[in-house]
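All chains are named by letter (A, B, ...) in the order of the sequence lines, taking the proteins before the strands, and each is independently numbered beginning at 1. FYI, side chains are in, hydrogens and waters are out, and symmetry mates aren't considered; it's all heavy atoms of this structure.
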Protein chains: 2
Amino acid sequence: MSERVTAERVIPEGGRRRRRPTKQGAVLSERLIVETALRLVAQHGAEALSVRRLGAALGADPSALYRYFRNTDALLLALADELIGRAQEGWRATGDWREDLRSMGLRIHACYLSHPQAAVLGAYRTTGRPHETAAVERILGILAAAGFPAPFAVRAYHAFIDQALAFAAQDAAALALPKAAREADEAVWNSVYGRLSADTHPHIAAAFPLLAADMRGSGYPFALELLLAAMAVALPAAAGS
Amino acid sequence: MSERVTAERVIPEGGRRRRRPTKQGAVLSERLIVETALRLVAQHGAEALSVRRLGAALGADPSALYRYFRNTDALLLALADELIGRAQEGWRATGDWREDLRSMGLRIHACYLSHPQAAVLGAYRTTGRPHETAAVERILGILAAAGFPAPFAVRAYHAFIDQALAFAAQDAAALALPKAAREADEAVWNSVYGRLSADTHPHIAAAFPLLAADMRGSGYPFALELLLAAMAVALPAAAGS
DNA sequence: TTTACACGTCAATGGTGTTGTCGTAAGGTC
DNA sequence: GACCTTACGACAACACCATTGACGTGTAAA
């Protein structure tokens, strides 16, 4: 009795042979699906992304997607990797590690914010896809060239990338909130924090104007600056760029 | 034609009169539901929290929950609010600003991680509720006592709190992932990053053992340490504690 | 003791991801 | 050009999800 190998439903991207159009005339591909999904999310919000709706947007039966992605999770990872790739497009190293890390961090942050709905879905995943590994390699390269010893470089890399992604996801989530909820959250600064008594909350009362102004923007640029400053301090003087 | 006011299904906590037991003998209450939900998440993982399963755990029909919460979103907010309270319980200042900020950051992070499903929703919102304002006041107080000038203190506060919440949300989201997806993400480190060629990805190949080990945990503790170090450097010597 | 209505229950609606099966047409081969 | 093989799109079904309207019971107030 021969052990029958279960036929894998998903054909890896290289091995595809047929390009049969759907009833509605669309010719599917991994690339088309990812782009359609991003467009769907951008136009109708993160909650609009379902296999059924994506199928409809593509002009195909929902189940056809399972020929390209094992499940929705695999699709999400593809979306996340696409975002990472777009963040790196056209990035050039200057040779100054601090400037390079700064520009890369700000790029990642900005790119995710420009697709907030998709960013929320993918920012906390490890995809292992090409764009991701390229980014990891690049950042480790910057740190190595700067002269950081390997154990420190690894921890610094971890802190740097997680902080970039975490802030990106957080700011994206705030942006992706339903309009009513977002406005309500912003109004809290004036309606609650602006009216706290100096007796019970002296420091908030004293700092309020500065605070309300600063909290309107993202905390990421300054947090990144602090991170880079701490790394510069830790860099052995002999290896300084 | 009189405008008929739609009867609200949810009775505010104060106005309840009857405590009718369910068929299985449970007497429901907002408090019991919140605690049961947190226990459900803690015991059976984040994906175990659904209205149907929560109803079953309570010994009640799932739809009975809608007498207490307008929808699942309201339930999750109640869970998140409960978490904020628990995070601050028993925290004491030591007078050492660096140690106090560290302990507060780690507490917030740890508390959110212990109930990831609720954390994912709560970390993105400005609630303006008492527990939140108390935390803001406390942190600003620590910074003021340390001697940071107000404009710097405000920016540092912003970076600190956003960093704590962003990392908490990010790590919680990873933890809240379905078990299969979480394990897949962890496996990627060995199956993809461990097998990258030194030709195409020299820095990853060189750093791999350190990298794989470090990426197993959260990047937050080290990122927080770097943030605190940078703040210490920026602190005017004359005002040092 | 009566009565009003809070609230638990039932049933139904319309959504979700996912899978087994099948037919068909696209490619490769001759 | 004819013939196979099989990739792949379509269909139908399954199990789960959140949510809601209707209903009757029994509790607590009067």
### Query
By salt bridge (charged side-chain N to carboxylate O under 4.0 Å, His left out), which residues pair with B:Arg107, not counting sequence neighbours?
none
### Query
For A:Tyr66 and D:dC8, is the shortest distance between a side-chain N/O and OP1 or OP2 below 4.0 Å?
no
### Query
Does B:Thr72 make a side-chain N or O approach to OP1 or OP2 of D:dT19 shorter than 4.0 Å?
yes
Carboxylate-amine/guanidinium contact [X] [Y], below 4.0 Å:
X        : Y        : value
B:Arg39  : B:Glu35  : no
B:Arg102 : B:Glu225 : yes
A:Lys23  : A:Asp61  : no

### Task
Map B:Ala26 and A:Asn71 onto DNA chain C by nearest heavy atom, then report which one ends up closer to the 5' terminus.
B:Ala26
### Query
Out of D:dA7, D:dC11, C:dG8, which nucleotide sits closest to the side chain of A:Arg20?
D:dA7
### Task
Using heavy atoms and a sub-4.0 Å distance, could you list which residues of residues 48-55 of chain A are near DNA chain C? By number, please.
A:Ser50, A:Val51, A:Arg52, A:Arg53
### Message
If you define the side chain from C-beta out and look only at heavy atoms, does anything of B:Val51 sit under 4.5 Å from B:Tyr66?
### Response
yes
### Query
Can you check whether A:Leu58's main-chain N or O pairs, donor with acceptor, with A:Thr36's side chain at less than 3.5 Å?
no
#### Entry: Of A:Lys23 and B:Pro62, the one whose closest DNA chain D nucleotide lies more 5'
A:Lys23
